[in-house]
Structure formats: structure tokens, C-alpha cells
Amino acid sequence: MQKQIKFIPIDYDYFDFKGENYAKIIGRDSDGKKVCIIDSCDVYFWAILKEGVSAKKEKEICEKIDKIKTKTKGRETRVIKTDVHDKKYLGRSVRGIKIFITNYKDAYAIAEQIGFKEVDKRREYDLSYITKYIMDKKVKPLVWYSVSGEVLNNSMEFGGIDASMDIDVIKVEKIEELEEKEQKDFKPRILAYDIETDEFEIGKGEILMISLVGEGFRKVLTWKGEKAKEKYVEHFKDEEEMLEKFVEYVKSYDPDILTGYFSDGFDLPYLRARAEAVRIKLGLGIDGSQPSFSRGRMLTGKIKGILHIDLLKFIRNVYSQYLQSETLSLNDVALELLGEKKDEWEHRHSSKVHGNEWDDYFKYNLKDSDLTLRLAEKIWPDMLEFVRIVQEPLFDLSRDTMATSVENYLIHHMDKFNEIVEKRPVHEEIGTRRGEEKYEGAFVFQPIPGLYDDVVFFDFTSMYASVIVSYNLSKANYSEEKVKGSLEVDLGREKAYFSDRTSFFPEMLGEIIEKRKKYKKEYALKKDNLAKARSNAFKLLANAAYGYQGFFGARYYCLPAAAATAALARKEIKKTIDFIEKKGYKVVYGDTDSIAFLQSGKSKKDILDLLEGINKKLPGIMELDLEGFFKRGIWVTKRTGEFGAKKKYALIGDDGKIKIRGFETVRRDWCGLARETQNKVLELILKNGDEVKAVSYLKDVLNKLKDRKIDLKQLIIKTQLKKPIEDYKSISPHVSIASKMRKAGIQVGIGMLIEYYIAEIEGGKKRALVREKAKMPSEKGKYDIEYYLNNQILPAVENILEVFGIKVSELADGKKQMSLGDY
DNA sequence: GACTGAACTATACC
DNA sequence: ACGGGTATAGTTCAGTC
């Protein structure tokens, strides 16, 4: 039966049939019905010929290639045909033999057989079939298409693939992107899930309960506890029955997206492991298949026909730079983005949960899914726009790092440049790259400590990206040797040269910056979520482009380009600082792309004129922007030496808003009391313009500390465990506490925030190490007044009050209490 | 055992 | 293995006297 539908691709998969590859795409039609389409594309890679190969020779080589075949794993793959094209490779014109083969999986095996001396390079054998398919057919994820083709209905085509799926399967004959005006909204059907277990280790304990939350759908499935009060709780005989019902509910809800928080690493593998343990099939897939897991460094869980998303990964890789929260835990992220916390639940073994306590446990479990769903909905516009721009399927994109997304953006936009895609670095190459010496990075201005009135901040917009674009700093432009007309950049140890013709990397980056500007304006005009998400996506790509060229795993890795970007950025900011100083202003600070200077009685218009004057002289697309006017700003000295400390300052805007950078206040590895005290001291100084109130506040805190009136909660220090306990060469307090916790049977893992406080030890040595005094929050003890005074509170405020000539450090010895008592 | 500088470690800034 | 370098600052560790 023939059919024509409107279709939006959501989840991409592929399969082999009779030795050839097919894309199998799950999506929705305009009625919201789930549909699967099957399509295929040419499978090919490139052999780039050396310069000066004759037409006759070209033909001979093609004839030889035409005969190549390979037999592996019970399949035979052969070359279908070859033809020769004029292509570009790293911006240079080349002759490329396009080699069509029957199965992409053997692209590498075939490429290996093409070692003729006339062939310079073989490329694009390392792109995934899905990527190739999207590149070639332009069937982009989350974009609406018109599809016509045959509905497979119990046909034997593709070995009866349609019979295993209870949705329409269409074999594509024609697929066309709908025009922009026909591109309507798409709101996916999302289902969030979360499990609770006794054991943290995957599959070790039983799953006690599973929560599921979707639109108008809230369930907690369990086989524990008494009959619950709430009707969202459903009881089952045992774990097996609960798991079966879970599968049934997921299938009947029919989500596009199944999402969890850390679900790649915990919930999904746990479910799979427990299903195995109770000998049932976790047939979540549209064809009844079980979730599969890739064996990378990180687990990745895939379900056929349902897009499984681990929200934590997208948040960590893409979204986290917008976040202020101290950790990326569901609790912290939900609090920041939704203004809501997880429910309170004191974790304990299920044998210690009694009676109606289970109701709280169920509620807690439900809330996790509830928060996860709402986070997913909140972040959806960002995922949607990012996918549409980068053009990789959401399953991969949501797990990719920014470097990978930059690369995928390049790959999917390369056809415009007729470029053959560079290969991914192989193992040894990565080793060499990682071994390369670091290059000099950003310039940071040495501040002069003090409290200043009326501070102006300028900053360069997308500075590194605009430097790359303005000077064509990329692998395709780079040469070691001086070339006529090329730009010479002094990298200290060596010189690098960049041709002045543009190339795909800077050109695409220029477009990204342009689009960012365009959508930022669009968003300013109408506050639309999608416009904001689009603008953000381009901003993220622009900001990641510099790091990409210096990243060892990049196809277009070019360390000299990265080094030159930093070098030229240093040059421009220094020039700008000089210019501002020549105009009579006093520059007090600057870091990488920002400059702070004193307004010194000049009008705002004077400042804007100054800005305009600078912008007129900046090269290429570089641009300086006004970040803001601040009523006051404070810079302090380093703890050692009298110089001003870099990356540490606090400002108060004309609107009274306070901005603090680098101070202990914003560092999570300082105790709450030190952070709060410092924050308050900074606030009082910035608001009042003097230290009087700040000192009296400090005095109050010190007295409370000495009188043991401080709540232990305020004294807890949190430090992250960054590697396995055994790998530490130096046993600092948090490592010592971590091993203590492990001995006490508490699960300790990499990434965990270890909490402790410093206590007095009885009759101990005079000079005990800090770690010997560290205790777990649950351990009884008297907090060490001396420690908190000398190692937390005083260091946090010392340099700030020093700006006013107050030597707070002498108080620590108890010698000169009067200097504070005076206030 | 006291002292000191280097090494190790975590976290921030842009 | 899954962006980059710059910077501050605490604690431990190893060497010296």
C-alpha cells in the first residue's frame, strides 16, 4: 500500500539486509502516531590522489579499485563502482575517487586495500552510517519531512522487519524537507523514570520501587511496604511482577523519550541486571528487544524505538556552563532550574524502613521522576535547537561533549565547501598530541589592590572565535614555512604562518557568530524560548571552537592555530589596555577578554565614545562591548606577597547587585561559615564604601565561634573525591575521611563530595596533621576553634580588611585583640 | 622535632 | 579519551638541620 505522510525523525538506527545497509528511523507523523521509515543511501568513501596523476592513470586505478572485495564475518563486501571528482581537502583542490561499496561496515577493510602509490589519502571511511546517511540524504533529526512510500504489511521485505513492530513501517520512495512555514512545533511525549535500591552496585540488590512520571501519568510500582495510602502506588507480588508491569506501562504510555537522571550509569543497567536475575525479559524495545549497553568508559543505554536520554549527560556536557549550582546532582540542578528540591528521605536499607515510612519513600521516589520530567521539559528547547543546528540525532548529541558537537557541526555543513572530511586521529596520533608541550594562553592583568569607585568593564564578544575568524587560524590555513602573503605569528618557541585566504573552519565559525548575533537580537525583540535556545546553541558552538582546535581528539586538531589564537588575543587586549590608558584612564584589571578601568568622573557618553574609538581600530570581526558600570569594586592581595591577586574581585553594580569572582565565598571547598562571613564582609564594604560595619560584623562571628555557638552544619567542609582512594599520593583530609567512610560501610565513589569537619583531639600530639583531626559529620566531637579561626575565617577576610590597613592576622595569635576591639 | 620548599590537590576564572 | 591555559591556596611530604 502506498502512503504519504508528514514525518519528524526522532531516533535513528540501522540494520543490514542481504549485505547492505539501511537506515531505520522512528518518528511521529502529523497525527502524533509513531511511525518507522526505512531508507538507504549510497555508501562510499574517498581516495585522494596525489598531485599530477594523469587521466590515464586515474582510470587504471579506478579499474583496480572496482575489483576489490573483502570477506569478513560471513559477509562479502565489494566495490560497486568508482568515479572521480574535483574536491577540496583542507582547502586545497584535489582529485578524489569516490568509491561506492555495498556495506559501510567494511569501509575500512576495503580502504586498507587501496595502498597504491598514486593515492595520497583515504578518507571518510570512519564516519558512522547514520552520520553518512544524514549528510547524504539530508534527513535531519527533529525537522519535518514529507515522506511517501510503501507501507510494509506483513511483507517479507527486509526479512519481515515490520512484523516485529506494531507500528506502520514505510519503505521510503521520496523524502523531502517541508518548507519553513510548514515546520510546525514538535512536543515530544516524555516519560521520566527512577528506581530505588538497597545496593548501589549494579544488580547487586533488589529494586524496591520504580517511579514513572509523564503527562497525566504518575506511578510508583513496588513490591515492598504495606498497602499504601496514595493511589499512585501500585503493589506487586514480587520484583519480577513489578518489572513486568514497568515494561507494560512504558510500552502503553508510548513515549518518544524515556529519560532518567544518571540513568545510563544506574537505573537502566540496574533494571536490565535485575530482569536477568529474576529471569524475565526487559522487552522495552519497539520490537520487544532489551536495552543494550555500549561498553565505553561510560555506559550508554539504548532502547530500540524509544529515545533513552540520560539528562545528566546533556546537562554536564552542554548546559552546565549556564549553571551556578555547586554540584550537578538532581537536587541542586532542580533547585536552580525549577526552584524546587527533592523530597527529604534519609537513605537506609529497606529492612530498616517500617510501616507508613514507606509512604514517604514512595513519595520521594515519585518526586525524583517528577523533577526529572520537568527538567527535561525545561531543557527541551535547548536540545531541540542544538540537534537541529548540529544535525546529529539526539541520542548521540545528548551524550556528546562540546568538542564532538563542534566537529559534527563542521561535518554536516561541509558539503557547501565541497570538502572531504578529515579522519579521526588514531591511537598513536592521540598519544603524540597529548605529549605535545603546552602553549602560552591568556593574558591576565596584575591588579593593584584597593577599593575603587565607579569601575567600568569592557569585554570582547566571543573573543577567541572572533580572532580565529579575523586571522583565518585553522589547520587548512596553517603552514610551518613562510608563504607569500601569509600572516606570521610568533609563538615564542617557534613561528607559525597562516594563509590569508579563508577556509571552511573560520568561515563556518564566522557564520556561527553571525547567527548568534541574529538570534540574540531576535530573542531581545520577542522573548521566545526557541529563539533563546537557538542563540545559546550558536554561542556554545562559538565558544567551543577554540578549545576544539587544541583538543587532541579533534579531526581538525591544530595546536599552532590554538596557540596563535591565544597569542593574537593577548596582543589585542594589551593594545586595547594601552589605548585606554593613553586616553587618561586607569586600568585596574583584565582577564583574557575583559578590561576594568576607573571612570574617574567621566560621563557615560565619554565612555561610549571611547568604546567606539577602540572598535573602529579593531581588526576583522573583533568587537569590544560594554559589560557594565559598577558603583564600586574591590581587589585584594595574594595571601603570599604584596601583589594583587588575579581572578579574585568583587563588584557592586549601579543596581546594587553584587558580583563576586574567585573569592572563597564562591568556592565550595570552604566551610559555610567562612563563605558566609566573607560574603557579608564584602557586601557591607561594597555597599557602604568603608569597613566599619564589616569589622563589627566579623567581631560578632569570631565571638560566636569562640563561644562554640556555631552550628556544626556551618563548619562542614566539602571536598570532591576526584579519583580512587588508592591513587592518591598525598592523603589530604577528604581522602582520609573517604577511606574512613568506606570502612564504615558507606559507599564512596569518584565524583562524590566528601564532607567533614575539624575537631579537637583528646590529649593528642601538639602538631597533629589536619587529617588527623578531621571527622565525619556524624562523628561526635568538639570543633577545633583554633583551626576554624586560623584556617577558615581569618584567611577569608584577612586580605579584604588589609585593604583598609587592618591586620586581622594578629588576632589569630591573640596578641592584638585590641585592633578589632577598637571598633 | 622544627622548619621549609616542593609536590600534590581542588577549584575557580575566562 | 571525549575542549584550552591561568591562577590561588590549602595540605602533605620529604629533605635539612
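Letters A, B, ... are given to chains in the order of the sequence lines, protein chains preceding strands, and every chain is numbered from 1. Here the structure is a predicted model, which means the values were calculated and not measured.
Listed by chain and residue number, nothing satisfies the ring pair (Phe, Tyr, Trp, His ring centres under 6.0 Å) test with A:Tyr471 (two or more places apart in sequence, or in another chain). Looking at residues two or more places apart in sequence or on another chain, you find a side-chain contact (heavy atoms from CB on, under 4.5 Å) between A:Val701 and A:Leu673, A:Thr677, A:Tyr697. A:Lys520 pairs by the salt bridge (Lys or Arg N to Asp or Glu O under 4.0 Å) definition with nothing, not counting sequence neighbours. Listed by chain and residue number, nothing satisfies the ring pair (Phe, Tyr, Trp, His ring centres under 6.0 Å) test with A:Phe629 (two or more places apart in sequence, or in another chain). Partners of A:Phe643 under the ring pair (Phe, Tyr, Trp, His ring centres under 6.0 Å) rule, at least two apart in sequence or in another chain, do not exist in this structure. By the side chain to side chain donor-acceptor pair (under 3.5 Å) test, A:Tyr108 pairs with no residue at all, sequence neighbours left out.
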Taking only N/O atoms, report every protein-nucleotides 3-7 of chain C pair under 3.5 Å with atom names and distance.
unit_1: C:dG3; atom_1: OP2; unit_2: A:Thr401; atom_2: OG1; d: 2.2
unit_1: C:dG5; atom_1: O3'; unit_2: A:Tyr439; atom_2: O; d: 3.4
unit_1: C:dG5; atom_1: O3'; unit_2: A:Gly441; atom_2: N; d: 2.7
unit_1: C:dT6; atom_1: OP1; unit_2: A:Gly441; atom_2: N; d: 2.7
unit_1: C:dA7; atom_1: OP1; unit_2: A:Lys646; atom_2: NZ; d: 2.8

Ignoring hydrogens and angles, write down the donor-acceptor pairs under 3.5 Å from the side chains of residues 551-558 of chain A, residues two or more places apart or on other chains.
unit_1: A:Arg555; atom_1: NE; unit_2: A:Glu407; atom_2: OE2; d: 3.2
unit_1: A:Arg555; atom_1: NH1; unit_2: A:Asp126; atom_2: OD1; d: 3.1
unit_1: A:Arg555; atom_1: NH1; unit_2: A:Asp126; atom_2: OD2; d: 3.4
unit_1: A:Arg555; atom_1: NH1; unit_2: A:Glu422; atom_2: O; d: 2.9
unit_1: A:Tyr556; atom_1: OH; unit_2: A:Glu422; atom_2: N; d: 2.9
unit_1: A:Tyr557; atom_1: OH; unit_2: A:Glu436; atom_2: OE2; d: 3.0

Contacts under 3.5 angstrom, residues 716-723 of chain A side chains, donor-acceptor by atom type, not counting sequence neighbours:
unit_1: A:Gln720; atom_1: OE1; unit_2: A:Arg668; atom_2: NH2; d: 3.1
unit_1: A:Gln720; atom_1: NE2; unit_2: A:Gly751; atom_2: O; d: 3.0

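Between the C1' atom of B:dA10 and the CZ atom of A:Arg668 lies a distance of 8 Å, rounded to the nearest Å. Here the P atom of nucleotide B:dC14 and the CZ atom of A:Phe457 are 8 Å apart, to the nearest Å. Remark: C1' of C:dG10 and NZ of A:Lys648 are 11 Å apart, rounded to the nearest angstrom. To the nearest angstrom, P of B:dA12 lies 9 Å from NZ of A:Lys722.
Among the atoms of the strands shown, only primed sugar atoms or phosphate atoms (P, OP1, OP2) are found under 4.0 Å from some heavy atom of A:Tyr649. A:Asn791 comes within contact range of the sugar-phosphate backbone alone, with a heavy-atom separation under 4.0 Å but no base atom that close. Within 4.0 Å of A:Gly662, counting heavy atoms only, lie sugar-phosphate atoms of the nucleic acid but no base atom.
Rounding to the nearest 0.5 Å gives a distance of 13.0 Å between OG of A:Ser466 and OH of A:Tyr546.
For the side-chain hydrogen bond (donor to acceptor under 3.5 Å, both in side chains) condition, the pairs that include at least one residue of residues 730-740 of chain A, sequence neighbours left out, are A:Ser732-A:His734, A:Lys740-A:Glu779.
By the 4.0 Å N-to-carboxylate-O rule, A:Glu429 lies too far from A:Arg434 to be salt-bridged with it.
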Seminar exercise, completed: Letter by letter from the 5' end, nucleotides 12-17 of chain C scores (B base, S sugar-phosphate only, - none; protein heavy atoms under 4.0 Å) SS----
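Among B:dA10, C:dG10, C:dA1, the nucleotide with an atom closest to any side-chain atom of A:Arg434 is C:dA1.
Of the residues in residues 424-431 of chain A, not one places a heavy atom less than 4.0 Å from an atom of DNA chain C.
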